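Input: a single structure, listed below in structure tokens.
Order of the sequence lines sets the chain letters (A, B, ...), proteins ahead of strands, with each chain counted from 1. In this text, all values refer to a predicted model and were calculated from it rather than measured experimentally.
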Amino acid sequence: MKTTASGASPLTPTTVAELAEAVRSAPRVIPSGGGTKPRLAREGEEFYRLSTAKLSGITEYEPSEFTFTALAGTPLKVIAAALAERGQYLPFDPVLLKAGATLGGTIAAGISGPGRFRFGGVRDFILGVRFVDGGGRLLRMGGKVVKNAAGFDLPKFFVGSAGRFGIVAEASFKVFPRPPGWRTLRLEAPDVATKGRLLMELARGRWEIDALDAPVEEPAVYARLGGVNEALDPLAMELLTRWNGAALTSGEAEFLWQTVTEFRWAHSGGPLVKVALVAAQVEEFLAMVRAQPEARGWVSGGGNTGYLSVPAGSPLPKLAWPAVMLRGDGPLWLGPTRRFEIMQRVKAALDPQDRFPRLDA
Amino acid sequence: MARSTRVPVLRRLHALLPAGRILAEEQHLAAYESDALTAYRNRPLAVAVPETADEVIALVRFCRDEGLPFVARGSGTSLSGGSLPLVNGIVIALNRLNRILKLDPAQRIAVVEPGVINLHVTAAAAPHGLHYAPDPSSQPICTIGGNVAFNAGGAHCLKYGMTSNHVLGLKAVLATGEVVEFGGAGRDQVGPDWTGLFVGNEGLFGIALEVTLQLLPRAECYHTVLAGYATIEQAGDAVAAIIASGLLPGAIEIMDALALEAAVAAVHAEYPPGCEAVLIVELEGPREAVAADRGRLDAIIAESRPVEARPARDAAERLAIWKGRKSAFSAVGRLSPDFIVQDGVVPRRRLGEALRHIDEWSREMGLRCANVFHAGDGNLHPLILYDGRVPGALEQAEALAGRILRMCVEMGGSITGEHGVGVEKRDHLATMFSADEIDCMQRLRAAFDPRLVANPGKMFAEAGAPALTQHGLHPLERAGVISRE
């Protein structure tokens, strides 16, 4: 299965054993999945590309356990469809699902959609992984049951690790029953200060808000409720009595949330960056995006996630928060990054020969 | 001659902290020689009682330089022997690092020192309508530092997850002496999840100095039902029906007859007579949502043919239900001089089968076994009763425990749901993980602790691990002050 490095056709293992063999065969290797977050899979010419395209499929799904296990290259839409058939879902709203994102890429990128607000993100639903370490060994960490405290939590560690420590072959996730109904409200937020405040106030209330997002361009905050229909109308009514706004139709709501999860609000090319925000700094983030005429942005997860997009060729503003570039040219990690010795030591423990990209590459 | 002057390393240790905060007298050490895994005791060389993060850092660096093993300890409630001292090492007691450094209701976070007690976080958050979700049974006494080290669980894990799902960031001193900061105040982060890796390290990576916790809005309303069943299978079937219905209860718990008997004896809990099992289900959320779900839950329970179903009519009745449940472990101490608490996990659909095996094997081995478990997430807590004064009884109880853990792994579950591996299950780690996998964990551990001074002998079975000797219940447990989960 030996091929040349970057430029030639990628290694395309069809089983997890072949994946381990492929890793062993290549001195330097970078995996790619659906190609929806291309910056993650772009490395220098010395890297062999490894495609997870043929490492696809749900290997176990037990609706009564609230768990499934799937190979890394499984498209999210395949998983979402299988779960929906049994009235279940991944509550963090997988991102770029329609665009063809895979489970492995979602773990590597560590990005979650608006639904992460209520129950948590990818890190909170991952239960276990099988992965290939830098020595080419196929290892299993974590478990397949919803509760497990045995061994170090490498499954969580891999979320957002951009393939620096290992290549995920298969992962197990927890799922939840899908709420029978949803309501989405558009609440008016005429200025950035109101927007920031509204996000925090809604997050503290009794309503169990399911998703809480704010586009940079619009003077509004979007709040979604999920649950039994009998409860949703009175809750929505109360929110609309308290704040000015209106309920979206289900069609409008579906369009809105897809706009978020598929990044349809963003420029079609050019850098797209995820920013690790904190709720109290939403105002600063909004101001930063607005200060640059061509930049677009979105605040998600109740003000804990920011997304920033600029057209190809435009410079990115200087970021005051840690960030990762999902597509576009430029460094993978942006903004202030904390580096500790332990990070390199862990890298050396899992990938002593730097078979995977270096930490700061 | 006092031990402190006899052992040279202790003389040097005394220089690190003011007088009176290095304990090395036998009568002081006795208080630290065990944790909630009371079957085991070890007397450490000394106990250091730091009051600041800088003192903890200095202690850890001292241990690194001296090659002196250390065990961090909060309230000593570990059920897996996680804070069992080492005879050739020191205990770093973190109880005085008990400040809540920051409580930010707007961002719903608290930054706390490791010695802060779990329930104190919720108490501090309560005036703002917030709470800290992870609720191990020991929550009135266990500390956040220990919760972080062992990724503590509780009764509400199915819906809310474990400790690691609520820790947003932390500052820690690693066993290398390096002081690191992972994560932060935000719920979403960029880059590898270092915070997630640290939580559940069982004290093998270092000591958390500051922990950023997420707070959640307190549920507005609860609906808690206690239902008694003639057989444990019926209770299990009721759980399956609840799960299949699409409801997502905050907690689903089952107690078997022996556990019920113990709770009755200990806290005068009252259960429907003639029941072999009791199911506790709790819904929570906005009142409109609970009102709607309540009807569905009550109908499912009615269909499951309980002997009796008792919904809690007010907050006091709800608390009484939980008191009976959370005291069950210690209560078993009234039925037997000694017991082992197990913590295996099986796929939920195989709960009934697992319980049948446990019942069969305990009869076969002549042991009594009470069962209390988090039915919602398949987390079993068999309590194996034995009398430590009878030669071979502990070994017999451990043999049953081992059999149960192997069954959990064979069924696709885990050897531990929430107590951690610690000393107790270190020999079973290899049941769940291959030699390559354990080697990978060892490499990781060595990255954090090249000199193997941080809590050695826990998680991994290895040479030089402390010898284990058995003892009875913890005196505080006997008195009903502390409890296990």
Side chain from CB out, backbone as N, CA, C, O: work out which of these in [X] comes under 4.5 Å of a heavy atom of chain A, or both, or neither.
{"X": "B:Val180", "value": "both"}
{"X": "B:Asp377", "value": "both"}
{"X": "B:Glu181", "value": "both"}
{"X": "B:Met459", "value": "side chain"}
{"X": "B:Ala244", "value": "neither"}
{"X": "B:Phe433", "value": "side chain"}
{"X": "B:Thr416", "value": "both"}
{"X": "B:His128", "value": "both"}
{"X": "B:Leu444", "value": "both"}
{"X": "B:Asp439", "value": "side chain"}
{"X": "B:Ala446", "value": "backbone"}
{"X": "B:Val290", "value": "neither"}
{"X": "B:Glu220", "value": "side chain"}

Which residues pass the side-chain contact (heavy atoms from CB on, under 4.5 Å) test with A:Glu60, not counting sequence neighbours?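 A:Glu60: side-chain contact (heavy atoms from CB on, under 4.5 Å) contacts with A:Thr69, A:Lys144.
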Residues of residues 131-140 of chain A near chain B, each having a heavy atom less than 4.5 Å away: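 From residues 131-140 of chain A, the residues near chain B are A:Phe131, A:Asp133, A:Arg137, A:Leu139, A:Arg140.
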Which of the residues [options] is involved in the greatest number of heavy-atom pairs with chain B at under 4.5 angstrom?
{"options": "A:Gln88, A:Lys174, A:Glu201, A:Arg178", "result": "A:Lys174"}
{"options": "A:Gly120, A:Ser300, A:Ala280, A:Gly227", "result": "A:Ala280"}
{"options": "A:Arg123, A:Gln281, A:Lys274", "result": "A:Arg123"}
{"options": "A:Ala231, A:Gly302, A:Gly143", "result": "A:Ala231"}
{"options": "A:Met200, A:Arg197, A:Met343, A:Arg86", "result": "A:Met343"}
{"options": "A:Gly303, A:Gly151, A:Ala108, A:Pro180", "result": "A:Gly151"}

Is there side-chain contact between B:Pro286 and A:Trp207, with at least one heavy-atom pair below 4.5 Å?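 Not touching, per the 4.5 Å side-chain cut-off.
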Could you tell me whether A:Arg206 and B:Glu288 have a side-chain N and a carboxylate O separated by less than 4.0 Å?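 Looking at A:Arg206 and B:Glu288, the cut-off is met.
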If we ignore hydrogens and angles and just use 3.5 Å, is the side chain of [X] paired with the main-chain N or O of [Y] as donor and acceptor?
{"X": "B:Glu178", "Y": "A:Ile342", "result": "yes"}
{"X": "A:Arg116", "Y": "B:Arg187", "result": "yes"}
{"X": "A:Glu230", "Y": "B:Ala289", "result": "no"}

Counting heavy-atom pairs closer than 4.5 Å to chain A, which one of B:Leu248, B:Asn151, B:Val421 comes out on top?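 When all of B:Leu248, B:Asn151, B:Val421 are compared, B:Leu248 has the most.
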Using a cut-off of under 4.5 Å for heavy-atom pairs, which of B:Ile243, B:Ile415, B:Thr176, B:Leu168 has the most such pairs with chain A?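 Top option by heavy-atom pairs under 4.5 Å: B:Ile243.
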Would A:Val228 and B:Arg296 satisfy side chain to side chain contact (heavy atoms under 4.5 Å, CB included), going step by step from the backbone distance to the final call? CA-CA 11 Å; A:Val228 277; B:Arg296 291 164 70 198; 3.5 Å; yes
Please determine whether ring pair (Phe, Tyr, Trp, His ring centres under 6.0 Å) holds for the pair B:Tyr160 and A:Phe119, giving the CA-CA distance in whole Å, both sets of side-chain angles, and the decisive distance to 0.1 Å. CA-CA 7 Å; B:Tyr160 293 106; A:Phe119 292 117; 7.3 Å; no
Residues A:Val346, B:Trp194; criterion side chain to side chain contact (heavy atoms under 4.5 Å, CB included); working and verdict: CA-CA 10 Å; A:Val346 169; B:Trp194 294 98; 3.7 Å; yes
Part of A:Phe176 lying under 4.5 Å from any heavy atom of chain B: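 Interface part for A:Phe176: side chain.
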Part of A:Leu350 lying under 4.5 Å from any heavy atom of chain B: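 Both backbone and side chain.
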Let's go through A:Val324 and B:Val190 carefully: what are the C-alpha distance in whole Å and the side-chain angles of both, what is the deciding distance for side chain to side chain contact (heavy atoms under 4.5 Å, CB included) to 0.1 Å, and is it a yes or a no? CA-CA 6 Å; A:Val324 59; B:Val190 151; 4.0 Å; yes
Restricting to non-hydrogen atoms, name the atom on A:Lys147 and the atom on B:Asn379 that form the minimum distance, rounded to 0.1 Å.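 A:Lys147 and B:Asn379 have their closest heavy atoms at NZ-OD1, 3.0 Å.
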Please report the closest heavy-atom contact between A:Ala279 and B:Gln107, naming both atoms and the distance.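 Answer, listing the atom of A:Ala279 first, then B:Gln107: N-OE1, 3.2 Å.
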Does any donor atom in the side chain of B:Ser164 or A:Lys156 lie under 3.5 Å from an acceptor atom in the other side chain?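 Indeed, the side chains of B:Ser164 and A:Lys156 share at least one donor-acceptor pair under 3.5 Å.
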Distance under 6.0 Å and angle within 45° of the ring axis: does A:Arg338 meet both against B:Phe182?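 The answer is no; the distance or angle limit is not met.
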Going by the side chain to side chain donor-acceptor pair (under 3.5 Å) test, name the single residue among B:Arg348, B:Arg350, B:Arg349 that passes it with A:Glu65.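 It is B:Arg349, the one option of B:Arg348, B:Arg350, B:Arg349 that forms the side chain to side chain donor-acceptor pair (under 3.5 Å) with A:Glu65.
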Given the rule in the side chain to side chain contact (heavy atoms under 4.5 Å, CB included) test, do A:Phe152 and B:Leu204 qualify, once you have shown the distances and angles that lead to the verdict? CA-CA 10 Å; A:Phe152 300 131; B:Leu204 272 59; 4.2 Å; yes
